[in-house]
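A, B, ... follow the sequence lines: proteins, then strands. Residue 1 opens every chain. All values below come from the heavy atoms of this structure, side chains included, with hydrogens, waters and symmetry mates left out.
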There are 2 protein chains.
Amino acid sequence: MGDQIINPSMASSTEENYLKALFNLSNSLGEVNLSELAHGLQVSLPTANSMVKSLQKSGWVNYEKYKPLILTPEGQKEAALIIRKHRLTEMFLVKKMGFGWEEVHEIAEQVEHIHAPKFFQRMDEMLGFPTIDPHGSPIPDNQGRIQEFSYVPLSSCKPGQTVQLTALTNSSTEFLEFLNSRKLALGTQLKVLSREAYDLSLVVSYQNHPQETLSEKVSERLLVRVLD
Amino acid sequence: MGDQIINPSMASSTEENYLKALFNLSNSLGEVNLSELAHGLQVSLPTANSMVKSLQKSGWVNYEKYKPLILTPEGQKEAALIIRKHRLTEMFLVKKMGFGWEEVHEIAEQVEHIHAPKFFQRMDEMLGFPTIDPHGSPIPDNQGRIQEFSYVPLSSCKPGQTVQLTALTNSSTEFLEFLNSRKLALGTQLKVLSREAYDLSLVVSYQNHPQETLSEKVSERLLVRVLD
DNA sequence: CAAATTTGTTAGACCGATCTAACTTATTAC
DNA sequence: GTAATAAGTTAGATCGGTCTAACAAATTTG
């Protein structure tokens, strides 16, 4: 009594995680193969193999032996809607509940599997229909459509350029805590002072930080909009 | 990556539902047997039987063949903490997200299984550490202790008494919608005008309702505090 | 109290999600 | 272009949570 209605055409939490992983990997790697998926989900190859077959049976994925994995349009939409719930939740946790951007991923990872359209609709309303999450990633709309932005990694910027930090390609707690420690937040304007040819680190200045060195690893994870 | 850490001593969602059901049934029926549990959870007897054995192995339940089910102190606490999450969530949904009291049960039923202490702690803070949920049921504290209130069912009140509606023993959507339709909310003061001997229905007055008849079924589900 | 009914148990099956072991196909390197 | 390596497959097992069928114990009822 009172439990959610289970619709047979609905993905289980596990299936949702596969779809989401596939979606994210496709966006960052282009083609995705089984072992990348298995690695991303921390499961064995045979597990991923059998799950992919079952996702295919459900019409979310197209798969031919030894070929790359492809989400069907339905799979794409399904994945985008899960990511929508994840990102809306993250935004809600930050803006309405006072969490730090480094704390919200783990919680959202669980909340995203809740089946309650009104719940997420209400978050959306309360947040004023946001288009990006606390890490600058776009929030798909309720049809699963994603507005693509064309940001560039800070690592590709030239000395002399002024840029604004707009998104991240990695949102691990550790990375976010590093950014916190340097007072780097979305919206921060940075000026690229120089690039060290040896290790490709960048020296930048911003706000009360006249000189800060960012390693290549860091600067390639920072997405920026070029201002000048 | 980013998924919740699974602690072996942690109950699965299914186990949590069994503990919760057992807790609630014990509180309303006293002794609980297997078939009541099975019926309450909408599972077959053998399913409940095998699950109870496994809950016993985990130390949440004591069970001897053909005997009533008993929650161990650990099981009691575990159950109370799940109910705490459920009721805090209901309160949050009503007070902070604008849901009606008849809409929140289904959502809370899912949110209660989230493992994220900070999330519920934050709700608790934002709500000012409430002690009752939107239906007047007590919210266990973070040690799983429950403050018991001694309310009486409206059905036991005598004509002439003035009472205040303080809680419900049933919070089904249908019942809550019935109460909404009669503008009966927690806190409403009612005066018992008369009791119909034939069907035990009560005639009451309150606010802009000089005369309203409540069936026995309704009045025994309304818990009140006697004011005079 | 014996018969009927309710309640509980056991056995055996299924399904989703996972694993390891053994094997095969594809890709890469020399 | 073969050998080595990486990627993928198949088979078979396990575990949690569920079921039905068949049987046994306890309780209720005439």
Side-chain angles (χ1 to χ4, degrees), chain A residues 1 3-22 25-26 29-70 78 109-110 113 115, chain B residues 1 3-22 25-26 29-70 78 109-110 113 115:
Chain A
M1 179 193 156
D3 262 316
Q4 69 262 43
I5 297 110
I6 288 115
N7 181 326
S9 83
M10 221 160 64
S12 68
S13 291
T14 306
E15 289 175 314
E16 291 189 342
N17 284 334
Y18 277 77
L19 292 175
K20 201 178 44 144
L22 213 36
L25 289 169
S26 304
L29 306 179
E31 289 205 328
V32 182
N33 61 30
L34 250 193
S35 53
E36 284 158 351
L37 179 64
H39 180 254
L41 286 164
Q42 304 264 63
V43 298
S44 69
L45 262 172
T47 299
N49 184 281
S50 77
M51 197 64 205
V52 162
K53 284 176 182 169
S54 113
L55 289 171
Q56 180 163 40
K57 209 167 280 177
S58 310
W60 309 115
V61 170
N62 282 328
Y63 182 57
E64 290 176 70
K65 276 190 177 187
Y66 302 106
K67 294 274 156 62
L69 301 165
I70 297 166
E78 192 70 10
E109 205 71 8
Q110 299 179 63
H113 298 298
H115 295 288
Chain B
M1 177 192 157
D3 262 316
Q4 68 263 42
I5 296 109
I6 289 114
N7 181 325
S9 84
M10 223 160 63
S12 67
S13 290
T14 307
E15 289 175 315
E16 290 189 344
N17 284 334
Y18 277 78
L19 293 175
K20 200 178 42 146
L22 212 36
L25 288 169
S26 303
L29 306 177
E31 290 204 329
V32 182
N33 61 28
L34 251 192
S35 53
E36 284 157 350
L37 179 64
H39 179 255
L41 286 164
Q42 303 263 65
V43 297
S44 69
L45 261 172
T47 298
N49 184 282
S50 76
M51 196 65 205
V52 161
K53 284 177 183 170
S54 113
L55 289 171
Q56 179 163 40
K57 209 167 283 178
S58 309
W60 309 116
V61 169
N62 282 328
Y63 182 58
E64 290 176 68
K65 276 189 178 189
Y66 303 106
K67 294 275 156 59
L69 301 165
I70 297 165
E78 192 70 10
E109 205 72 6
Q110 298 179 63
H113 299 297
H115 294 289

J.: Name every residue in residues 45-62 of chain B that has at least one heavy atom under 4.0 Å from any atom of DNA chain C, in order of residue number, or write none if there are no such residues.
T.: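 Output list: B:Leu45, B:Pro46, B:Asn49, B:Lys53.
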J.: Heavy atoms only: give me the nearest A:Leu37-A:Ala21 pair and the separation to one decimal.
T.: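 Shortest heavy-atom separation between A:Leu37 and A:Ala21 comes out as CD1-CB, 3.9 Å.
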J.: To the nearest angstrom, how far is A:Tyr66 atom OH from D:dA6 atom C1'?
T.: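 A:Tyr66 atom OH is separated from D:dA6 atom C1' by 12 Å.
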J.: Would you say the side chain of B:Leu69 lies within less than 4.5 Å of the side chain of B:Tyr18, judging by non-hydrogen atoms?
T.: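 B:Tyr18 does not reach B:Leu69 side chain to side chain.
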J.: Using only atom types and a distance under 3.5 Å, with no angle test, would you say the side chain of A:Ser58 pairs donor to acceptor with the backbone of A:Ser54?
T.: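 Checking the backbone N and O of A:Ser54 against the side chain of A:Ser58, a donor-acceptor pair under 3.5 Å is found.
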J.: Within less than 4.0 Å of OP1 or OP2 of C:dT9, is there a side-chain N or O belonging to B:Tyr63?
T.: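 So the side-chain polar atoms of B:Tyr63 do come within 4.0 Å of the phosphate oxygens OP1 or OP2 of C:dT9, strictly under.
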J.: Identify, with sequence neighbours excluded, every residue that meets side-chain hydrogen bond (donor to acceptor under 3.5 Å, both in side chains) alongside A:Glu16.
T.: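 So A:Glu16 forms a side-chain hydrogen bond (donor to acceptor under 3.5 Å, both in side chains) with A:His113.
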J.: Please tell me if A:Lys65 has a side-chain N or O lying less than 4.0 Å from either OP1 or OP2 of C:dA26.
T.: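 A:Lys65 to C:dA26 OP1/OP2: no side-chain N or O under 4.0 Å.
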J.: Which part of the nucleic acid, if any, lies within contact of A:Ser44, taking any heavy atom under 4.0 Å across all strands shown: a base, the sugar-phosphate backbone alone, or nothing?
T.: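 A:Ser44: base contact, heavy atoms under 4.0 Å.
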J.: Rounded to the Å, how far apart are B:His39 NE2 and C:dT6 P?
T.: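 So the NE2-P distance, B:His39 to C:dT6, works out to 14 Å.
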J.: Run through A:Val61, A:Ile70, A:Leu41 and flag the one making a side-chain contact (heavy atoms from CB on, under 4.5 Å) with A:Leu22.
T.: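 Result: among A:Val61, A:Ile70, A:Leu41, A:Val61 is the only option passing the side-chain contact (heavy atoms from CB on, under 4.5 Å) with A:Leu22.
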J.: Taking only N/O atoms, report every protein-nucleotides 2-4 of chain C pair under 3.5 Å with atom names and distance.
T.:
none

J.: Atom NZ of B:Lys67 to atom P of C:dT9: distance rounded to whole Å?
T.: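 B:Lys67 atom NZ is separated from C:dT9 atom P by 11 Å.
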J.: Show the nearest heavy-atom pair for residues B:Pro68 and B:Glu31, with the distance to one decimal.
T.: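 Minimum heavy-atom contact is CG-OE1, 3.4 Å.
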J.: Report yes if at least one side-chain N or O of A:Tyr18 is closer than 4.0 Å to OP1 or OP2 of C:dT18; otherwise report no.
T.: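 For A:Tyr18, the contact criterion (side-chain N or O under 4.0 Å from OP1 or OP2 of C:dT18) is met.
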J.: Heavy atoms within less than 4.0 Å of DNA chain D: which residues of residues 31-38 of chain A have one? Give them sorted by number.
T.: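 The stretch gives A:Asn33, A:Leu34, A:Ser35 as the residues lying under 4.0 Å from the strand, ordered by number.
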J.: Return the minimal non-hydrogen interatomic distance between B:Glu36 and B:Leu25, and the atom names on each side.
T.: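 Smallest heavy-atom distance, with atoms named: O-CD1, 3.8 Å.
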J.: How would you list, by chain and number, every residue that makes a side-chain hydrogen bond (donor to acceptor under 3.5 Å, both in side chains) with A:Lys53, sequence neighbours excluded?
T.: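 By the side-chain hydrogen bond (donor to acceptor under 3.5 Å, both in side chains) rule, A:Lys53 matches A:Asn49.
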J.: How far does CD of A:Glu109 sit from OG of A:Ser13, to the nearest 0.5 angstrom?
T.: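 One gets 11.0 Å once the value is rounded to the nearest 0.5 Å.
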J.: Output the rounded distance in Å from CG (A:Leu69) to P (D:dA7).
T.: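 Rounding to the nearest Å, CG of A:Leu69 and P of D:dA7 are 13 Å apart.
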J.: Which residues pass the side-chain hydrogen bond (donor to acceptor under 3.5 Å, both in side chains) test with B:Thr47, sequence neighbours left out?
T.: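 Checked B:Thr47 against side-chain hydrogen bond (donor to acceptor under 3.5 Å, both in side chains); matches are B:Ser44.
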J.: Looking at every non-hydrogen atom in both residues, tell me the closest pair between A:Met10 and A:Glu15 and how far apart they are.
T.: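 In terms of heavy atoms, the two residues are closest at O-OE1, 4.0 Å.
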